[in-house]
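Below: the structure, in structure tokens.
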Amino acid sequence: MKTIDLRSDTVSHPTPAMREAMARAEVGDDVYHDDPTVNQLEADAAALLGKEAAVFVTSGTQGNLCALLAHCNRGESIIIGDTSHIFRYEQGGMAQLGGILPHTVPVQPDGTLRLCDLESAINPDDEHKPVTRLVALENTHNMAGGMPLSSEYTAHVADFARRNQLLFHIDGARIFNAAAALGVDVKALTEGADSVTFCLSKGLCAPVGSVLVGGRDFIRRARRARKVLGGSLRQAGILAAAGLVALHTMRDRLSDDHGNAHLLAEGLSEIPGVCLKGQNTNFVFFSLADDAGLSLDEFVGALQRDYSILMSPYSGERGLIRLRTHYWIDRAAIDKVIAAVGALLS
Ligand SMILES: *Cc1c(COP(=O)(O)O)cnc(C)c1O
């Protein structure tokens, strides 16, 4: 039985076109800027997001950290959502390695940070306080259930940052999901940001890699940060080749993943015993009713054992299951999952 893996979109494998592109990739030593495929990926990514330059990094975590190291000095502070990936799930790299202090503000249910909270998080010019250097958003916002942040909201934050002489970073791991969900050009979501990180893996299906984009001088500093973090690779064109396929052929189909997530949510919501908590972009959240007859662990175990369907309890909130659709989850898989959950809870 073919496994249906809904635990995350990070489990997506490279497509056949990616494997082919990887096998044929022209390569060189990227530390010498000699890898034509990496150079192409960086140029295309910068153009697509409307920035001057880009740097290919090994992961989203590394991209965000390179950005913060390039933007901030030790002892400076950034304003960031309290449930953001950078704050919660990147080991506090900014503090560990950069001496940068996160000043958190509450993330609203729609994934935004309130401008009044941002305003009051800026430290005054006072020798007791760290200098506030930057504000960061996450789009789509994971812990808000995959919520896309609109171009209007992003423009407000960009304007706020400019008025207060702050830099503005976007953790756009899934920014192409946001663009697809909102029906806008991704540039509308990155305009006004000094830097943006996005993942080539996850929904775009590349096996490895993220890209950090921004101004030319900023990218030069970010490249230095990447080097000290051990992220400067040699014949990285093998990886960038898959990234180019991701960037040029996988963005437009993300709305299929969103459509499948919607169908999945609808189907699950009709099953007695399932309490649907929400669906945005490619995320679906649900819990089991108290009278469902089995615990979350029993439910997950039975789906895996009897149906080869993988789900996992959500680490962010007890009692909840989070599913993410992706390229390898097609319409037939959605139907199988709904049928299996229905059978299990009947
Ligand atoms: C996946 C993700 C990252 C980066 O994760 P890596 O596993 O390091 O690539 C950063 N931010 C968000 C919001 C993410 O979902």
Side-chain angles (χ1 to χ4, degrees), residues 6-14 41 45 49 54-69 78 80-94 96-97 102 104 107 110-113 134-149 154 169-181 186 189-190 193 195-213 222 225-226 229-231 233 236 239-240 242-243 246-247 250 254 257-258 261 280-285 312 314-316 322-326:
L6 286 159
R7 291 171 301 167
S8 177
D9 50 9
T10 58
V11 305
S12 61
H13 289 190
L41 175 66
L49 276 75
V55 58
F56 181 51
V57 289
T58 57
S59 66
T61 300
Q62 187 177 68
N64 287 328
L65 184 53
C66 286
L68 296 181
L69 292 175
I78 70 164
I80 189 156
D82 58 354
T83 60
S84 65
H85 194 280
I86 291 180
F87 180 62
R88 287 265 184 111
Y89 297 107
E90 299 183 10
Q91 235 190 70
M94 71 175 105
Q96 277 200 61
L97 304 176
T104 60
V107 173
D110 65 357
T112 61
L113 311 177
L134 175 144
V135 57
L137 292 181
E138 183 174 313
N139 196 6
T140 62
H141 202 291
N142 274 2
M143 298 277 288
M147 266 296 187
L149 306 185
T154 310
H169 174 70
I170 298 176
D171 175 0
R174 294 186 183 78
I175 199 150
F176 293 113
N177 290 88
V186 72
L189 303 177
T190 59
S195 54
V196 184
T197 312
F198 70 87
C199 290
L200 295 162
S201 55
K202 303 185 175 167
L204 297 185
C205 271
V208 178
S210 288
V211 182
L212 170 62
V213 302
R226 183 187 69 165
L229 296 175
L233 305 176
L239 301 172
L247 203 58
M250 301 298 282
L254 289 172
D257 294 343
H258 301 170
N280 294 297
T281 57
N282 66 328
F283 289 48
V284 178
F285 287 86
S312 53
Y314 178 46
S315 66
R322 181 198 62 196
L323 310 179
R324 287 190 187 131
T325 55
H326 53 83

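One-based numbering, in listed order, for ligands and for the atoms of each.
- Distance check, rounded to the nearest 0.5 Å: CD of E90 to OG1 of T61 gives 4.0 Å.
- Considering R322, R174, K202 as possible partners of D9, the one that fulfils the salt bridge (charged side-chain N to carboxylate O under 4.0 Å, His left out) test is R174.
- Every atom of ligand 1 with a heavy atom of E90 under 4.0 Å away is listed here by number and element: 10 (C), 11 (N).
- With hydrogens and angles left out, the side-chain atoms of N177 and H258 include a donor and acceptor closer than 3.5 Å.
- Surrounding CD of Q91 are at most 12 heavy atoms belonging to other residues, nucleotides or ligands under 6.0 Å away.
- Atoms of ligand 1 lying under 4.0 Å from at least one heavy atom of S59, given by number and element, are 8 (O), 9 (O).
- At a 4.0 Å heavy-atom cut-off, ligand 1 touches N142 through the side chain alone.
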Could you check L239 against F56 for side chain to side chain contact (heavy atoms under 4.5 Å, CB included), going step by step and ending with a plain yes or no?
-> CA-CA 10 Å; L239 301 172; F56 181 51; 3.9 Å; yes

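- Inclusion of T61 in the set of residues having an N or O under 3.5 Å from an N or O of ligand 1 is warranted.
- Ligand 1 is approached by R174 to a heavy-atom distance shorter than 4.0 Å.
- Of the heavy atoms in K202, only side-chain atoms (C-beta onward) come closer than 4.0 Å to ligand 1.
- Of the polar atoms of G60, at least one N or O is found under 3.5 Å from an N or O of ligand 1, judged by distance alone.
- By heavy-atom distance, the residue among I86, D171, N139, I175 lying nearest atom 11 (N) of ligand 1 is D171.
- Here the options are V196, V213, L49, T197, the test is side chain to side chain contact (heavy atoms under 4.5 Å, CB included), and the partner is I170; only V196 passes.
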